[in-house]
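To start, the structure under review is shown below, and the notes come after it.
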Protein chains: 2
Amino acid sequence: MGKGHVRLADVAKAAGVSQGTASNVFSRPEMVREEVRERVLNVARELGYGGPDIKGRLLRAGRVNAIGVAAVEPLTYFFDDPWARSLMTAIGEVCDASGTGIAVVSAMNEERLAWNINSALVDGFILLCVEGGERLVELTRQRQLPFIALALGIEDETIPAIGIDNVAGGAAAARHLLELGHRNIAILSIGDVDGLVGRVAPERVDPEMEATPRDRMHGYWQALAEYGIARDAVPIQGTLHDRPSTLAAMEALFSAGNPPTAILAMSDKVALHAMQWLAERGLKVPEDVSVVGFDGVPEAATSLPRLTTVAQPFAEIARRSVTAILENALPQNHEALDLELVVRDSTAAPRPR
Amino acid sequence: MGKGHVRLADVAKAAGVSQGTASNVFSRPEMVREEVRERVLNVARELGYGGPDIKGRLLRAGRVNAIGVAAVEPLTYFFDDPWARSLMTAIGEVCDASGTGIAVVSAMNEERLAWNINSALVDGFILLCVEGGERLVELTRQRQLPFIALALGIEDETIPAIGIDNVAGGAAAARHLLELGHRNIAILSIGDVDGLVGRVAPERVDPEMEATPRDRMHGYWQALAEYGIARDAVPIQGTLHDRPSTLAAMEALFSAGNPPTAILAMSDKVALHAMQWLAERGLKVPEDVSVVGFDGVPEAATSLPRLTTVAQPFAEIARRSVTAILENALPQNHEALDLELVVRDSTAAPRPR
DNA sequence: CCACAATATTGAATCGATTCAAAATCCCGA
DNA sequence: TCGGGATTTTGAATCGATTCAATATTGTGG
């Protein structure tokens, strides 16, 4: 910190050995005679030298031993959002095992994002492409480091990515409700486009929605069709994936005539907020209304009632991502991992009427 | 990434300019004639040069523009634990505003922790001293970077730290319950020492507990004493600050005769688990049992019922910590920030009997 | 057309370590 | 005491950029 920063060269000179030897004292101590080693160590202590500076070492080694996780979201996203946290936790587990560090990189604005991506000291990136995925990928490409995109809905097969089978997952969720006997189902969609809040017409889904919610929607529709239910018959309420818009969506759904007996929520976060709204309105889950979430975040397992959801294989996603980057063995094709319907206490047959 | 890594020198040579000029093209473009700039940029593109490598720049500049947050916990802790997350979110907010990155550094074991601390590419550290704080401080000291300790209960005034007034906070929490009329109160303590699980005798608090829970305990006792209640009259159940041990503690508290009408929990996490246990047992909060948490994490504001708690000034702690490190203006004395009692729906007068 | 100021470019030093071929030293048996 | 293999140490090159004093070029007014 101070001015007179001591460096390895200073220690070497003061101890009367070459810089190479001094370096060895710290990085490969077994290589240097004990007597010399001790002398150097002593001098180092006297001078207040705290061991090799990582920056110098880094320049030679070229390896940082850390991976960056990036998203077009504020930094708080990584610690706030249930999905991001589930993923970060899983990534943390893998990194812990391999002694790798994690740097979270994010951005308030475009310009800063570019700068952050370019200056992050990492060996590679995991990209959380929830929003603005294309841009994020483009930016990261320039950095010329290994990266892998998650939650990306893009067709471009040249982008290393790990995906999940959102269509099948959505279908499983809807089918579960249908099998229980529900025929009056409403959908809570997610997205960050302002236009897609409030009642959303089915025609707008394909052109306007991001890939993830779009695929989930198609999954819902697919199962619904199997039971002869038309798209127009299931109301879609768009949310901004936050509490206020979810509450508003529920309000709209239940203030209209013929309220739904079951809700398909495109994320657990939204589902959990919806359940809170229902509880505050005195509606019982699952007796009055069934709710199915999506993602399988830990909160879903401890909510009251515990939430039925479609779980992502977070551990598997994390494992593949981290090893792909660390070993620079990026997947050549887009793999879509399977999701698993986890039935818990938030779904039941509709009340007979 | 391949083998033939292009560097600035290559670009310079290929473009027929000096390395200095080439450097300027990227870092201070206004300094070089447009014609030259364009030529260099073109050559760079052809060669596949992706801009200055951060590692080289770093070595010169010496500044990373990132701060490390460290704890003697696995990496998952930062994304899992409510308290850590609240802090991380607050830190993220401050860092976002100043364009600073965050690296989380942690450790499974001692050895790895030392290595991680020493090799983290950061300008300074924020230390989460929930456990093993002394050791963490010692390790970080060697790195000779600015650091600031949080949640440290240590007397050593030479350690830059930001603390909170746990005694006053604990007293406020207890006083709140006492004012409501509760006289039969139980305490849920927290700690990672195996010995302090289950029923804890008051005598063991001072010698065995970590500073934070110890101070909170003294705060509770202080208020209790004001109302003439002896230490021995309030049962203390130790938890490991996780779900299973909290559930076990509640079990013990309520299976004995004369169950408490109110619970003082030393953290919101524990309080929230306790409330879940109560709900599952059919006990109503606050009608049957009042619960007060500690910390003021966001979950406490959205739980059902919303949790009364003693809130830490997370934003203020984060602001002070980050600016202290970034400006290398570390506090010279231990400041203890005030806590605020936030009364919500989990506390009420005890049922008349 | 020249002197002189303003602007661009160069080249070498620097940041703080690691690495490795070559040189020096050590150790041991003959 | 000497040879020669094993072990240590040295010194210089290298990693990939930035910086800045010195030099070259351009532009302007007289």
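Naming: A, B, ... by sequence-line order, numbering from 1 per chain.
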Fill in: Distance test, side-chain N/O of A/S27 to OP1/OP2 of C/dT18, below 4.0 Å
yes
Worksheet entry | Residue pair B/I325 / B/I126: nearest heavy atoms and the distance that separates them | CD1-CG1, 3.6 Å
Discussion item. Need to verify one output field. Residue with the more 5' nearest nucleotide on DNA chain C, A/F26 or B/G16?
Written reply: B/G16
Worksheet item: OP1 or OP2 of D/dA17 less than 4.0 angstrom from a side-chain nitrogen or oxygen of B/Y49, does that happen here?
Response: yes
Item to complete: Look at the side chain of B/Q19 and decide which nucleotide, out of C/dG16, C/dT10, D/dT18, has an atom nearest to it.
Response: D/dT18
Worksheet item: Looking only at heavy atoms, which two atoms of B/I91 and B/V69 are closest? And how far apart?
Response: CD1-CG2, 4.3 Å
Discussion item. Would you say B/T21 places a side-chain N or O within less than 4.0 Å of OP1 or OP2 belonging to C/dT9?
Written reply: no
Worksheet entry | Proximal nucleotide (of D/dA17, C/dT18, C/dA8) relative to the B/R33 side chain | C/dA8
Worksheet entry | Value in whole Å for how far the C1' atom of C/dC26 lies from CD of A/E34 | 16 Å
Worksheet, complete the sentence: Considering only heavy side-chain atoms of A/R7, the closest of D/dT18, D/dG16, C/dA17 is C/dA17
Item to complete: Could you work out which one of C/dA13, C/dG16, D/dT8 sits closest to the side chain of B/R60?
Response: C/dA13
Worksheet entry | Nearest listed nucleotide, side chain of B/S23, among C/dG11, D/dT19, D/dT9 | D/dT19
Worksheet item: Which comes earlier along DNA chain D counting from the 5' end, the contact point of B/G20 or that of B/K55, where each point is its nearest nucleotide?
Response: B/K55
Worksheet item: A/L8 side chain: which of D/dA17, C/dT10, C/dA17 is closest?
Response: C/dA17
Item to complete: Please state how far atom CG in B/L58 lies from atom P in D/dC15, giving the value in whole angstrom units.
Response: 17 Å
Fill in: Value in whole Å for how far the P atom of C/dT9 lies from CD of B/E30
12 Å
Discussion item. Would you say B/R45 and B/N42 are linked by a side-chain donor-acceptor pair, where the criterion is simply a distance under 3.5 Å?
Written reply: yes
Fill in: Separation of C/dA17 C1' from B/L121 CG (nearest whole Å)
13 Å
Worksheet item: B/D10 has an atom CG; how far is it from atom C1' of D/dC15, in whole Å?
Response: 13 Å
Worksheet item: What pair of heavy atoms forms the shortest contact from B/A151 to B/W83, and how long is it?
Response: CB-CH2, 3.9 Å
Worksheet item: Taking CG from B/L59 and C1' from D/dT18, how many angstroms apart are they, rounded to a whole number?
Response: 10 Å
Worksheet entry | Between C/dG16 (P) and A/H5 (NE2): distance, integer Å | 6 Å
Item to complete: Give the minimum heavy-atom separation between A/T140 and A/L136, together with the two atoms involved.
Response: OG1-O, 2.7 Å
Worksheet, complete the sentence: When rounded to whole Å, the CG to P distance for the pair B/N24 and C/dT10 reads 10 Å
